[in-house]
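Read through the structure below, which is laid out as structure tokens, and then see the notes.
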Number of protein chains: 4
Amino acid sequence: MISVAIVGGTGYTGVELLRLLAGHPQVQLRYITSRGEAGRAVADLFPSLRGHVDLCFTEPDDWLLQEVDVVFYATPHNVAMGSVPRLVDAGIRVIDLSADFRLRDAALWESWYGEPHACPALLEDAVYGLPERHREMIREARLVACAGCYPTAVQLGFMPLVAKGLVDLDTLIANAASGVSGAGRQAKIDNLLSEAADSLKAYGVAGHRHLPEIEQGLADSAKAPVRLTFVPHLAPMIRGIHATLYGRLTDTAATENLQQVFEDFYADEPFVDVLPSGTLPQTRSVRGSNRCQLAVTVPQSRDTVVVTSVIDNLVKGAAGQAVQCMNLMFGLPETEGLSMPGLSP
Amino acid sequence: MISVAIVGGTGYTGVELLRLLAGHPQVQLRYITSRGEAGRAVADLFPSLRGHVDLCFTEPDDWLLQEVDVVFYATPHNVAMGSVPRLVDAGIRVIDLSADFRLRDAALWESWYGEPHACPALLEDAVYGLPERHREMIREARLVACAGCYPTAVQLGFMPLVAKGLVDLDTLIANAASGVSGAGRQAKIDNLLSEAADSLKAYGVAGHRHLPEIEQGLADSAKAPVRLTFVPHLAPMIRGIHATLYGRLTDTAATENLQQVFEDFYADEPFVDVLPSGTLPQTRSVRGSNRCQLAVTVPQSRDTVVVTSVIDNLVKGAAGQAVQCMNLMFGLPETEGLSMPGLSP
Amino acid sequence: MISVAIVGGTGYTGVELLRLLAGHPQVQLRYITSRGEAGRAVADLFPSLRGHVDLCFTEPDDWLLQEVDVVFYATPHNVAMGSVPRLVDAGIRVIDLSADFRLRDAALWESWYGEPHACPALLEDAVYGLPERHREMIREARLVACAGCYPTAVQLGFMPLVAKGLVDLDTLIANAASGVSGAGRQAKIDNLLSEAADSLKAYGVAGHRHLPEIEQGLADSAKAPVRLTFVPHLAPMIRGIHATLYGRLTDTAATENLQQVFEDFYADEPFVDVLPSGTLPQTRSVRGSNRCQLAVTVPQSRDTVVVTSVIDNLVKGAAGQAVQCMNLMFGLPETEGLSMPGLSP
Amino acid sequence: MISVAIVGGTGYTGVELLRLLAGHPQVQLRYITSRGEAGRAVADLFPSLRGHVDLCFTEPDDWLLQEVDVVFYATPHNVAMGSVPRLVDAGIRVIDLSADFRLRDAALWESWYGEPHACPALLEDAVYGLPERHREMIREARLVACAGCYPTAVQLGFMPLVAKGLVDLDTLIANAASGVSGAGRQAKIDNLLSEAADSLKAYGVAGHRHLPEIEQGLADSAKAPVRLTFVPHLAPMIRGIHATLYGRLTDTAATENLQQVFEDFYADEPFVDVLPSGTLPQTRSVRGSNRCQLAVTVPQSRDTVVVTSVIDNLVKGAAGQAVQCMNLMFGLPETEGLSMPGLSP
């Protein structure tokens, strides 16, 4: 059994981690911390977990965390980097769902997050937690920086194209929409049902923090610099990310083979599902599941390829991906505890 | 392994049965029939099941159905009663999710459904599939008539009160609301998102087919006739039933003990969860789970008791309840394949 | 032209008042106050009002308010009672959309709101702003206390029955559901889309502040004490209140005439629409309109009458009702500025 | 008074036309036809119109239509072209909300709609009903072919850029999402709330019928051929179109002036509202209004411009635009009957 602690379990990635870990046959949940809710039963805050999680929230405490095999951080950015170094030094493995260790370049991190990075030396050690890209490195990692939600949907959609050199790298466009749970369990007027329901809007058009993360990842895949226009949107739904990706084909003769390119690229991936030609994904099909569903189309057989890619932002975009990384790190079957189909309708 | 067939798997109870059975460790899914979709891959119709269910729909065929251990009917009413008698004669166990065998009185059935019953003799044999009420009979049943969605939420909420004689049986009121999936996967204008979203309405106030089923069940519990006013509503959500139940207390001195009465009544039930005093259930906490969550309150300490009761109409109100019955019928642990927490948010 | 000021215009009743008053041909909007947003353009906060409202929010200031003909309070409770007395003394007419002056009994107010009332002497002067009940008094009123949202839907539904003595006054039940905008434009986790969408829950079952207001109003209509069980629910929609009302008929012979009783009772009301027998209202039909739509049914021809009543909580339940009262107070046609149909779909 | 008939008033554009025309001070509504609903009161089908529209649906009849000043077609494609020629010959002015007369090239129409055009000669006469582009021609038109919903949002967003030669015309991308009402009031499983709520999907990626319409319009504005990649999406909301438009700047030096270019371009337009720099539109701000709100951004000050554009698909994208055209055709103020703010929240 893997002994597990969660730091910061009161948000949506926290409750989703709890849902998945509660049903994972190889996990023993030991601690879950929250400064604000210490002493309160987890199932009191999240009634869906009554009978499934019997823990109470506890005060964050480095010593307790050092009793476990792995610590998940489900915190806002700028929290994990404060205590992760001590855990890593103590030999505890860490899976960080926040943005603290996703960028390798500390200066870039600082320019987007507006503050100094607390432990830039660790950035080099951290493995980017996108198993479809870094599976072997994740197995050995001491510190995994789980890929963000938009970055997962966008990279999985673009990877076959950029890795195979099929699209112009300077003119990539990612138009993505997220359910409101992506904004977290925080009391903000903008995310009230009365504000966000029955409406759609773009946000962060001038620049969103997931942009450098995606560009870094795609550049790795392409082995060349990449320039992306990324426009996120808020959609009136709870869960789900839908990414619509546009690339200019470098060789339009390749058009006919694109379906095969995608199917081959992901042939062995348990959680990436390339849909049959002519069908398109919808976010509800992956609701609650760890799957990414993808389709590739060349509209009007012209020179622009369109990939549509869907994930559940709280599962493959956060908690599920973290568990997938944990399975790899501890030598378990990669799909352990993650094989539930989507909840549809 | 239990060998299973499903008749009529193209509706929402069908896809939900498939989701649950695909993850059930003791089940081998053998056949799923549909006249309209015969030959089509199930996962083509329901992309959430890609990789989980590899069957194609087949034409309904009595002989194939006789090869399995149990047949689920996920059909509209008036279908099961046409072929169930032959299956039961052949020794095949049947779990009917439709309304065909829920009422013991054929004349009553005919008055509500407007047509003759095809096999009234079987009504006596059929066991009403509400495990919290008829667990032992379900174990031995040849034919289980699963309780309907509203009837499940309403009966579980009223049962402790009527069984203990705590409320007046002539003035019961059940005000219930269902998500739109309760209306089925049928092309009806009323259930379009553009019609049903951001709106609420009552329907069937003059008389709804679940009324005689609930009255029959509560009368059984009370061992006396029961008179219920039942008003269903359509709520702008996909899943979930919320029932708000009103009863006039026969003895207001009992008020203080009601919480204890409910907790005791359901102490051993794996799927009924009485919430702590002072909290109230919400449908999202049971989304995708087989659980009923309940709360009991006496507003202003007056003489009317209010029970609020929530289920997922497709799980505890249909497919989950059917699997729970199957577990009982085949001697499996009652919770096998049904232990997932709700998907929340 | 009527010169108007609004105190506290940053909430949902505020923006709805602005929408209605901006289109009212007899109104000149002069001031709108907000401590938190003073100096900010109204249309910056509410982009739907760009080009319709050119004012900026200003600091609350008694002197400015005394320059206008009428002041609307769209504030939380406990604000209006602080400054209304000075305005009334200065001869300014006041329409309060909050709860400060709705209850005539100061002790009752204090027991429900948990603090002393600042000007109990004014309670006697205040006219309860439900035109269908107090039209003539509203015309002359110095201070109108607009009826609350639930109280409007519930009283309009019950009034014909209690005024005519057709139901038992001790066993009334009002089961009501509101859209989330009823909870106001406040940053609360419970009202996030991720929490409130695709879910339904009851709240305030033990006691809700609208209970004494409704009981006071119905007792006035009945000319006798009334006992009500009132259970509000939060529905996953933006606007709308749906009330389902249950009463025990005192004379079941009256059943056949109930439709006529309702139609006669509301024959001259411009904003109460009794639907034809056999049809039921839905909240979307009154979205954005000042109308209440009603239906009356006796299920199974038994002894319980069910009235379903819908309003838009922000219009007939708040801002529209306030404008209707203003029209009466200033001798305008009652429907002036309020004649738009509902926005449907 | 303008005497008006509507052909095909049972869909969403029909009911929206009725809502707008019922409140239009210069309109007398004379006939509304429907084969399926002939004889039924309009307000029976659309309860929001009770007391606002007293007509019954009538059988379509050319003679009746010839008694009015203007006939609106709110029909599916392939209906108007059957009878419009006779009306035009009789001197009746026609406003067609369907797609029958939007493309000038009959061969192109036939290739997208898969059938011969019934009156190609009229295509030349028809004026494309986008007032911001063809205001003067609409004034004189006998037959106006109202711009489609996506085409309105996309063209208004791209027009300043293509008319001024600021973007490469070969690589335009329009990523747009529509509320479900855009799919019409038709009984289709895909548009059930249970299918479309809480989900997002692209559709028609390979080719959507609005593509040639948009390319034709933008080519007119650019006075040069245009190549567009257009990907529509279905969003889980009732109303609203959100278009996110991408163009490669031909001269990045122009970046700083883009806000001014847009403000100047639309300075005199009553229904196009360019938002202040740094703000972004959301569909709810234009719900129920005839307005298009726009924002222009150059992410990261690179070489791609992003325009976001929102309309209400049933108003500025259909019925409102038709009324705007009618106002122009009959010499009324262009905003007559169309000045309501958006319904928000």
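Below, read A as the first sequence line, B as the second, and so on, with proteins coming before strands; counting in each chain starts at 1.
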Checking heavy atoms, do the side chain of A/Leu228, its backbone, both or neither come under 4.5 Å from chain D?
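Interface part for A/Leu228: backbone (N, CA, C, O).
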Quick check on the interface: out of [options], who has the most heavy-atom pairs with chain D under 4.5 Å?
{"options": "A/Gly207, A/Ala202, A/Ala235, A/Ser285", "result": "A/Ala202"}
{"options": "A/Pro281, A/Gly240, A/Pro299, A/Ser301", "result": "A/Pro299"}
{"options": "A/Val205, A/Ile238, A/Leu192", "result": "A/Val205"}
{"options": "A/Phe230, A/Tyr246, A/Tyr203", "result": "A/Tyr246"}
{"options": "A/His208, A/Arg239, A/Arg248", "result": "A/Arg248"}

Identify which of [options] forms the greatest number of heavy-atom pairs closer than 4.5 Å to chain A.
{"options": "D/Thr308, D/Ile241, D/Leu200, D/Val298", "result": "D/Leu200"}
{"options": "D/Val310, D/Asp170, D/Val306, D/Thr244", "result": "D/Thr244"}
{"options": "D/Pro236, D/Gly278, D/Pro345, D/Gly179", "result": "D/Pro236"}

To check you understand the geometry: which heavy-atom pair defines the closest contact between D/Ser199 and A/Gln282, and what is its length?
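What the structure gives for the nearest pair is OG-CB, 3.8 Å.
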[X] versus [Y]: any side-chain heavy-atom pair under 4.5 Å?
{"X": "A/Asp198", "Y": "D/Arg284", "value": "no"}
{"X": "D/Gln300", "Y": "A/Thr229", "value": "no"}
{"X": "D/Lys201", "Y": "A/Leu280", "value": "no"}
{"X": "D/Arg227", "Y": "A/Asp303", "value": "yes"}

Can you classify the ring geometry of A/His233 versus D/His242 as parallel (below 30°), tilted (30 to 60°) or perpendicular (above 60°)?
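Taking D/His242 first and then A/His233, their aromatic rings stand perpendicular (interplane angle over 60°).
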Considering only heavy atoms, which portion of [X] lies under 4.5 Å from any heavy atom of chain A: side chain, backbone, both, or neither?
{"X": "D/Leu211", "result": "side chain"}
{"X": "D/Arg287", "result": "side chain"}
{"X": "D/Ile173", "result": "side chain"}
{"X": "D/Ala197", "result": "backbone"}

